[in-house]
2 protein chains.
Amino acid sequence: MDERLRIPKPTARRLSLYLRELEALKEAGLVSINSTQLGKALGFTGAQVRKDFATFGTFGRPGVGYSVFHLCGTIKQIMGTDRTWDVAVVGAGKIGLAITTYPRFIDRGFKVVAIFDNNPNIIGTTVTNHKVRPVADMTRIIPLRDIRLAILAVPVTVAQELADRLVASGITGILNFAPVRLRVPDGIGVSSVDFSRSLEQLALETSIDFC
Amino acid sequence: MDERLRIPKPTARRLSLYLRELEALKEAGLVSINSTQLGKALGFTGAQVRKDFATFGTFGRPGVGYSVFHLCGTIKQIMGTDRTWDVAVVGAGKIGLAITTYPRFIDRGFKVVAIFDNNPNIIGTTVTNHKVRPVADMTRIIPLRDIRLAILAVPVTVAQELADRLVASGITGILNFAPVRLRVPDGIGVSSVDFSRSLEQLALETSIDFC
DNA sequence: CGTTGTGAAATGATTCACAGCT
DNA sequence: AGCTGTGAATCATTTCACAACG
């Protein structure tokens, strides 16, 4: 369908911000928006917005701006969130549970469909309609349901081992909450959330003048 | 003490990764490390590592490498985590509670010392020794305890308003979990964690070849 | 020797500025 | 008139390559 698409990393990171803003504008009934306005709402310049959009096609109407509806659709399609992704959660500790019940996933195109843990006291309990299953079941369930994305919320010590097993089961993207750099094969995506690192960035900004 | 320090943003982001790795190496008893090894462990080139360290001084010994101990100390000092930062948590929902009890903060230089919420059913309950207080108390407690960092884990609809109140109370850095861009005055740091965005990045990487 | 520290070169991203479309 | 799309210019970051050093 699309030939060969190369999106610079910074542009890729901004895409979800554009989408978030555009969905809000659509909700508010706005039909079209120009690059300057959209940029101002997100803290970018108009030129930045236009360059970003130009990487994946030509949409704007000179003198008018961009169709909010069309842009939403196109960005969702590029990000792959025009469909719903099934997600597996590994680790039913506090973070795993909080994320499993996170209410904003579903209208953004993600649906938690399975939860795994190794703690015998937790296995079998129910979280939002899903029985917590032993991690040993991962290898069976993930290919069976053709799950591609996983959320890894386990202790640092076992994170790499479980990541390996996820990849072996067919997962192509891991959202990692353990403060460790996961080694994964080429073609597998990892996106990490490290609460301590985030706080450290704040401490640094507060300590040094300009970063 | 230091004259005027300018750290490029990408370097700043890598600093906490260096620290994490170096602490592990120190723990393992390693005395010195060279830029190539350290880089390999984190996925950077040796030149990158040396340039990064060069932004804040001259440490390495040609022919030998860097003192793990010295480097840890220096990076911590620059990041401001050679002391412990008191942190306030706003929002005692699932995410707020998970983060309040997150066990890895303390040895990274952060300590949750107060929790606020507005839900009458939650106010007064106890989480890890801390009574959940009404948000109205923020304005009093934060200056009183001289708290600089806050974790904001509240619904999108009230995030901006609470951010304003945090800033007014003297907070200089906010770790934001709400999927919204917070508007804050110059000099106030914001670092955001958006679970949906993180998953979207993975979906995008899985959909497109190279980002 | 092996490894740092650093100018110089290469790459990458952002901003400028304006021709051209509606 | 107003705003897009985009080459050209600027700015930032990374990589190269090597002299200097312990």
Side-chain angles (χ1 to χ4, degrees), chain A residues 5-18 21-22 25 30-72 74-75 78 201 204-205 208-211, chain B residues 4-18 21-22 25 30-72 74-75 78 201 204 208-211:
Chain A
L5 194 51
R6 148 84 214 193
I7 300 177
K9 255 216 231 25
T11 300
R13 276 197 293 269
R14 284 188 294 266
L15 237 39
S16 50
L17 295 175
Y18 291 132
E21 186 67 24
L22 288 164
L25 294 172
L30 201 61
V31 169
S32 82
I33 187 157
N34 68 53
S35 57
T36 314
Q37 291 169 340
L38 181 55
K40 201 163 290 171
L42 296 168
F44 315 140
T45 67
Q48 178 87 88
V49 174
R50 295 197 297 277
K51 260 279 185 336
D52 280 345
F53 291 168
T55 60
F56 52 86
T58 291
F59 302 105
R61 298 220 340 211
V64 181
Y66 299 87
S67 154
V68 173
F69 181 81
H70 185 205
L71 214 42
C72 274
T74 308
I75 296 179
I78 288 169
Q201 291 307 310
L204 179 59
E205 279 179 58
I208 307 290
D209 298 275
F210 187 60
C211 297
Chain B
R4 187 61 73 187
L5 195 49
R6 150 82 213 193
I7 300 176
K9 255 216 241 3
T11 300
R13 276 196 294 268
R14 284 188 294 266
L15 237 39
S16 49
L17 295 175
Y18 291 131
E21 186 67 23
L22 288 164
L25 294 172
L30 202 62
V31 169
S32 82
I33 186 156
N34 68 51
S35 57
T36 313
Q37 291 169 342
L38 182 55
K40 201 164 290 170
L42 295 167
F44 316 139
T45 66
Q48 177 88 88
V49 173
R50 294 196 297 277
K51 261 279 188 328
D52 280 345
F53 291 169
T55 60
F56 52 85
T58 291
F59 302 107
R61 297 218 342 208
V64 182
Y66 299 87
S67 153
V68 173
F69 180 81
H70 185 203
L71 215 40
C72 273
T74 308
I75 296 178
I78 287 169
Q201 291 307 309
L204 179 59
I208 307 290
D209 296 274
F210 188 59
C211 297

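By convention in this document, chain letters (A, B, ...) are assigned in the order of the sequence lines, proteins followed by strands, and residues within each chain are numbered from 1. Being a predicted model, the structure only gives us computed values, none of them experimental.
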Angle by which the axis turns from one end of the helix from C/dC1-D/dG22 to C/dT22-D/dA1 to the other, five pairs per end, to 10 degrees: 10°
How many angstroms lie between atom OG of A/S32 and atom CG of A/L71, to the nearest 0.5 angstrom? 10.5 Å
When rounded to whole Å, the CD1 to C1' distance for the pair B/I7 and D/dA12 reads 16 Å
With a cut-off of less than 4.0 Å, is there a side-chain N or O of A/R14 near OP1 or OP2 of C/dT14? yes
Closest approach of A/I7 to A/I78 (non-hydrogen atoms, all atoms of both residues): CD1-CG2, 3.8 Å
Taking every heavy atom of B/S16 against every heavy atom of A/Q201, the minimum-distance pair comes out as OG-NE2, 3.3 Å
Between P of D/dT4 and CG of A/D52, the distance in whole Å: 13 Å
Under 4.0 angstrom between B/S35 side-chain N/O and C/dT3 OP1 or OP2: no
Separation between CZ of B/R13 and CG of A/L204, rounded to the nearest 0.5 Å: 11.5 Å
Please work out if B/T58 contacts a base, only the sugar-phosphate, or nothing of the nucleic acid, heavy-atom cut-off 4.0 Å. sugar-phosphate
Side-chain donor-acceptor distances from residues 41-62 of chain B under 3.5 Å, at least two apart:
residue: B/T45; atom: OG1; partner: B/Q48; partner atom: N; Å: 3.1
residue: B/R50; atom: NH1; partner: B/S35; partner atom: OG; Å: 3.0
residue: B/D52; atom: OD1; partner: B/T11; partner atom: OG1; Å: 2.8
residue: B/D52; atom: OD1; partner: B/R14; partner atom: NH2; Å: 2.9
residue: B/D52; atom: OD2; partner: B/R14; partner atom: NE; Å: 2.6
residue: B/D52; atom: OD2; partner: B/R14; partner atom: NH2; Å: 3.4
residue: B/D52; atom: OD2; partner: B/Y18; partner atom: OH; Å: 2.6
residue: B/T55; atom: OG1; partner: B/D52; partner atom: O; Å: 2.6

Test B/N34 against B/V64 for side-chain contact (heavy atoms from CB on, under 4.5 Å), laying out the working first. CA-CA 7 Å; B/N34 68 51; B/V64 182; over 6 Å; no
Look at B/Y66 and C/dG5 and indicate whether a side-chain polar atom (N or O) is within less than 4.0 Å of OP1 or OP2. yes
Relative to the 5' end of DNA chain D, which residue comes earlier, A/G65 or B/F44, by the nucleotide with the nearest heavy atom? A/G65
Looking at side-chain heavy atoms only, is the closest gap between A/L22 and A/I33 below 4.5 Å? yes
Between B/Q48 and D/dT15, is there a side-chain N or O to OP1/OP2 distance below 4.0 Å? yes
Nearest-Å distance, NZ (A/K40) to P (D/dC3)? 11 Å
Rounded off to whole Å, could you give me the CZ-to-P distance for the A/F59 and D/dT4 pair? 13 Å
Quickly work out the A/I33 CD1 to D/dG2 P distance and round it to whole Å. 18 Å
Output the rounded distance in Å from CZ (B/R13) to C1' (D/dT13). 11 Å
Would you mind classifying the nucleic acid contact of B/F53 as base, sugar-phosphate or nothing, using non-hydrogen atoms under 4.0 angstrom? nothing
At under 4.0 Å between heavy atoms, which parts of nucleotides 16-22 of chain C does protein reach? Answer with one letter per nucleotide, 5' to 3': B base, S sugar-phosphate only, - none. BB--BBS
side-chain contact (heavy atoms from CB on, under 4.5 Å) against B/S67, all qualifying residues, sequence neighbours excluded: B/F69, B/H70
Rounded to whole angstrom units, what separation is found between the CG atom of A/L42 and the P atom of C/dT14? 14 Å
In whole Å, I'd like the distance from the CG atom of A/L15 to the P atom of C/dA13. 14 Å
